[in-house]
Amino acid sequence: MKYAPLLLLVTVAVLIALPWLVSGSMLNAAVQMLIAALFAMAFGLLCGQAGMLSFGHAAYFGVGAFAAVHAMNAFGGEGLLPTPLLPLVGGATGLVSGLLAGYFSTKRTGVYFAMITLALAELLHALAPHLKTVFGGEAGVSSFRMPAWGIGFGSLNDVYFLTLVWTLLCIGLLYLFSKTPLGRLALGLRENAHRLRFLGYNTHALGTLIFAVSAMFAGIAGALQSMNIEAANYVVLESHISTAVVLNSFIGGVRVFLGPAIGGAVMTFFGHVTSDLTRVWLLYQGIIFVLVMMFLPRGLVGELVERIRNPSGEGFARTLSTLLARLASLAIAAFGAVFLIEFLQRVLSPEYRAGVTDGNWPDIALFSYDWAPLSVLPWAFGLGLFGIGIALVTMVNRRVAARKEAQA
Amino acid sequence: MGFQKFARGTAAMALVMGATAAAQAEPLKIALVETLSGPQASTGLLYRDAVKYQIGKINEAGGFGGEPIELLEFDNQGGPVGAADRVRAAISEGADVILQGSSSAVAGQVTEDVRKYNLRNAGNEVLYINLGGEAMELTGSKCHYYHFRTSPNAAIRVNTLLDGMSEAGVLGDNVYAMNQNYSWGVDVQDNTVAAADRLGFTVVEQTLHDVNKIQDFSPYVQRVQAAGADTVITGNWSNDLLLLMKASSGAGLDVRFGTAFLDQPGNIGNAGAVAEGHYLSAPFNPEVNPEETAVFMEDYKSVTGHYPSYVEPATVFGMMLLQEALKQVEPTEDGLNAADLAAALENATAETPMGSISMRDADHQAVLPMIVQEVSTEAQYKADDTQFGFVPIKVISAADAEQPVQDSCQMKRPG
C-alpha cells in the first residue's frame, strides 16, 4: 500500500488535466461520474462503514438538489451565496433532513431500518408532485448559473472544475471523518451495536449523527447535479435513484473506502457509453451486478484490495499471468454472450419483423458482418464463443486449484 | 465537333462544381433525444418510428440544401438528467434541431437547456421541437422563441373532447372530473370546470388521485355513482385509465368516459369490451378523409411495419411543419441558420390528411384539427388485433380547436 499516495496524486493530476484530454461529451460524462461517485461515497459511509442499509437515499440527494436550485434563483449567484458556494445549501438541507429522518429510522436496525428509510423516501416522492410551488410540477424548477468570482460558469469546463473541487473536497472530508472517533465508532456500530451500548455509548444518537452526515454529503451531490443541469425535477426522488446508488456502491465494494466512488463512476460511465450503442444496456447492467455479487461479493475495489493485502504467495509474475488468462477467457465468453443478445434483439425487433415477407428473412448486419438469421452460423458463433470462454475460465481455475493443492 | 466537345466539357465542369458545392454544405443534423430503453421506452420508440418515417420522406424529396438530413438518435434514459446530458452531446455533434416528445418532465428540461444554450451562444442557436410534452406551462410560463410544440395540450384535448361529445349528445348534464394529482391532471380538471358554463353542464364532483399507485378503483367508482354522473372526463393514462374503466364496468356503472390517451397501444387490447362506447379526442383518425388517409396508413405500414397510432400521426404531422419551414430557408455556408428556421417555422402551415395544421407565432403552439372518436366494433381499422377500433364522431377544424394564448407566455423575440 506504500504506492497509495503516489497513485492518488496521479489520479488527481489526470482529473485536473481531463478537459484538455477528452471530448466535450466525455467531459460531460465525467461530471456525471463525479456526482455519482460523491453520492455513492455518502451512501458508503452509512452502509459500508456503519452497516445501515438505506433504500431511500434519493430523498436527501433530491432535497439537496431542490434546495440548491431554489437558492440559485433566490440569490442569483451573488451576495451571501455566490455560485461556487451553492452546494453548501444542499449540504445544509441534507444535514437537517438527515437529522430528522435519521432520528426516526435509526431507532431500528437491519430490515426495519431499511423499511423506514424506504417509507420516508416514498413519502417525499408521493408528496412532491402535489407541491407545485416547491417542486415545480411536471416540468420541474429551472434556474440559471450566474457568473461569480470572475468565472462565467457558462462553459462545461467551469462546471467540471466546480464539480471536481467539491467532489475531491468532500471525499477528503469523508476520509478524515472516518479517522475521527465518531468515524471509528461507526465501525463499532456495524460490528456490534450491543457491545457499544454496554460500553456506555448512546447508539441511537451515534446512528442519527452518522445518518445526518451521510445525508449531508448526499445533499451536496444533489446540489452539484442540479447546478450541472440547471434544473431540478421531482423524478430525482424516484426509487430507482435510491436503488442505483445501492447497486453502484455494492459493485464498487461498499466496505473499502473508495469502493463506492469507483463503483458509481464506473457504472455511470458504462451507462453513458452503452446507452447510445444498444437498447438493452439495462440488461447488461443487471447481468454485471449479478455476476459481481456472485463471484466478487466484496465488489471490484474490495476484491482488488483483498488481493493486494493477502497475496496468493505465487509471486507477481504468476499472479499476473493467471489474472490475464482469466480476463482473456472472460472477454471471449462476454463477446459470445453480447453477440447472442444483440443478434437476438435485432431478430426480435419490430423494425426487422416489418422487413420479413413470406418467409424471406433478410441478413442482419452485426459487428461489420452480415449474418443470415435462419442459418446455424450466427447462433453457433455466439454460443461457441461463449462456451469456449467459459471452458477456458474453468480450465484456468482448475489449474490454480491444482497448484494450490500441490503447495499445501 | 468543336462545339460538342466544348458543351461536354462545360457540362462536366458544371457537374464537378455542383458536386463540390453540395459537398461543402454541411448536411443538416436533427437529433432525437428520446427514451429508448427501460420501462418508458415503448412510447419513445413510437416517436422514433414516426420521426424516421417523415425524415425519410423529406430526404426522398431532396433533403435540405441538396443533402439528405442526418438523424442522430440519443437515449435520454427516461429522465431529465440523462436528457440534459444527451442534449449537450447532440449539440456538440452539430445538431441544429432537437426533437423529443414522450415526457413533459423531460420536455421541461430540454426546453430550458435549449433556452440557456441559445442565451450563451447567440448566433449559434438550436431549435427544440416538442413532439408530445403536453404540459400547459411549456407554452405558458416556460415558453420561449426556440421552442415549438406540434402536439395538442391539455386545453385543446379537453375542450375539443367536450365540444365533440356535447354536439353528439352524449355528454349528459352531469360530468365528473377524475384526474391524476399532478400538473397534467390538474390542467385537465381546470379546463373541464372552465368549459361547464359554455357548454351548459354541471361538474358534479372533482377528484384528484395518486398517480399510478392505486390498484383498486372501486371506492372512486362508488363516488362517481353517488354523484349521479353521466360522463367521466379524465386525463388518466396507462394503468390509471385501464383500472378505472374496469372498476366502473365491474360495478355495472352506466357512464361514458371521455379520455385523452385511450389510443395508447395495448389499452384496447387490455380493456377489450370494457372500452366500448368510450370517447377520445386525438389529432388523428384513420377514417377521416378516407382516400388520402388510407394512402398514408398503407405507406406508413410499408415502412415501419405497423399502422400509425397514438402519438405517431401527430409526430409525422409535426415533422411536416418542419419540412414546410425548411423549404423556406436558404442553406448558409455552415448548413443551417437556426434563427432563419425559427422565423420560418413560426408561420409554417402544412397540409395533412386530417386537414391543414399551422404554427401560432404568439406562443409556438401548433393549431391542429382534432378528431373526437368513439371505441366501436364498426371501426375500419381495429386496434391491438381486437374487434374494436376508433370511429370518428366529429372532426373539429384547426380554427375551432384553437385555444387562447396563455397570459403567462412572455416570449422574447430576437432583435
Side-chain angles (χ1 to χ4, degrees), chain A residues 23-29 31-32 35 65 122 126 128-130 132 135-145 152-156 159 225-226 228-236 238 240-241 268 271-272 274-283 285 349-356, chain B residues 36-39 41 45 49 52 72-93 103-109 111-113 115-116 119-121 133 135-138 141-142 180-187 208 210-211 213 301-306:
Chain A
S23 69
S25 170
M26 278 299 147
L27 195 64
N28 207 358
V31 174
Q32 308 269 5
I35 294 169
E122 277 303 301
H130 302 210
K132 203 176 169 188
F135 295 99
E138 208 189 359
V141 186
S142 68
S143 156
F144 198 86
R145 279 189 308 269
F153 291 110
S155 76
L156 185 56
V159 178
Q225 162 139 305
S226 62
N228 175 32
I229 65 169
E230 300 183 290
N233 188 297
Y234 60 68
V235 295
V236 78
E238 272 177 6
H240 75 91
I241 309 277
T268 309
H272 184 87
T274 50
S275 64
D276 282 335
L277 293 178
T278 169
R279 302 280 160 260
V280 289
W281 67 280
L282 287 169
L283 176 68
Q285 198 184 45
S349 77
E351 286 164 342
Y352 178 73
R353 301 303 279 250
V356 177
Chain B
L36 302 173
S37 63
L45 292 169
D49 283 348
K52 273 176 106 170
L72 313 171
E73 287 175 27
F74 295 89
D75 179 7
N76 67 33
Q77 305 184 7
V81 180
D85 185 34
R86 294 308 134 120
V87 167
R88 284 181 192 168
I91 294 174
S92 74
E93 286 189 26
S103 142
S104 282
V106 173
Q109 179 74 36
T111 186
E112 282 294 304
D113 282 352
R115 185 176 70 85
K116 287 168 207 159
L119 277 178
R120 287 175 178 142
N121 299 276
M136 291 302 284
E137 62 222 82
L138 294 172
S141 58
K142 282 198 155 105
Q180 293 158 320
N181 195 354
Y182 75 112
S183 46
W184 162 255
V186 174
D187 285 344
L208 292 171
D210 276 352
V211 185
K213 285 209 169 76
K301 191 181 182 187
S302 70
V303 175
T304 62
H306 56 268

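Please read all numbers here as calculations on a predicted model, not as lab measurements.
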inquiry  = Less than 4.5 Å to any heavy atom of chain A: does that hold for the side chain of E73(B), its backbone, both, or neither?
reply    = both
inquiry  = Between Q77(B) and S275(A), is there a side-chain donor-acceptor contact under 3.5 Å, judged purely by atom types and distance?
reply    = yes
query = Where does T278(A) contact chain B at under 4.5 Å (heavy atoms): side chain, backbone, both or neither?
reply = neither
remark   = Okay, Q225(A) and chain B: the region with an atom under 4.5 Å from a heavy atom over there is side chain
key: chain A contact via N181(B) - side chain, backbone, both or neither, heavy atoms under 4.5 Å   = both
task = Pick one of side chain, backbone, both or neither for Q285(A), based on which atoms fall under 4.5 Å of a heavy atom in chain B.
result = neither
query = Is it the backbone or the side chain of L156(A) that comes under 4.5 Å from a heavy atom of chain B, or both, or neither?
reply = side chain
request  = Return the option, out of K213(B), K142(B), Q180(B), with the maximum number of heavy-atom pairs under 4.5 Å with chain A.
outcome  = K142(B)
ask   = In terms of heavy-atom proximity below 4.5 Å to chain B, should H240(A) be classed as side chain, backbone, both, or neither?
value = neither
query = Under the side-chain hydrogen bond (donor to acceptor under 3.5 Å, both in side chains) test, which residues partner S103(B), sequence neighbours left out?
reply = none
inquiry  = Apply side-chain contact (heavy atoms from CB on, under 4.5 Å) to residues S104(B) and W184(B) and explain how you reach the verdict.
reply    = CA-CA 9 Å; S104(B) 282; W184(B) 162 255; over 6 Å; no
message = Counting C-beta onward and ignoring hydrogens, is there a side-chain heavy-atom pair between S142(A) and K116(B) closer than 4.5 Å?
response = yes
key: Proximity breakdown for I229(A) and chain B, heavy-atom pairs closer than 4.5 Å   = both
remark   = Assert top hit (heavy-atom pairs under 4.5 Å, partner chain B, pool V280(A), N233(A), V236(A)) equals N233(A)
inquiry  = Heavy-atom pairs under 4.5 Å with chain A: which of S92(B), A84(B), A83(B), A105(B) has the most?
reply    = A105(B)
key: Where at least one partner belongs to residues 76-86 of chain B, residue pairs that pass salt bridge (Lys or Arg N to Asp or Glu O under 4.0 Å), sequence neighbours excluded   = D276(A)-R86(B)
query = Minimum heavy-atom separation for P80(B) to V235(A), with atom names?
reply = CD-CG2, 3.1 Å
request  = Identify which part of A107(B) has an atom lying under 4.5 Å from any heavy atom of chain A, answering side chain, backbone, both or neither.
outcome  = neither
key: Beyond-backbone contact of R115(B) with L119(B), side-chain heavy atoms, under 4.5 angstrom   = yes
ask   = Checking L208(B) against chain A: side chain, backbone, both or neither under 4.5 Å from a heavy atom?
value = neither
note = Taken to the nearest 0.5 Å, the spacing of D187(B) CG from M136(B) CE works out to 6.0 Å
key: Heavy-atom contact with chain A under 4.5 Å, split by part of N121(B)   = neither
Toward chain B, the part of A232(A) with a non-hydrogen atom under 4.5 Å = neither
inquiry  = Check this for me, if you would: do R120(B) and E230(A) make a salt bridge, where the nitrogen-to-carboxylate-oxygen distance has to be below 4.0 angstrom?
reply    = yes
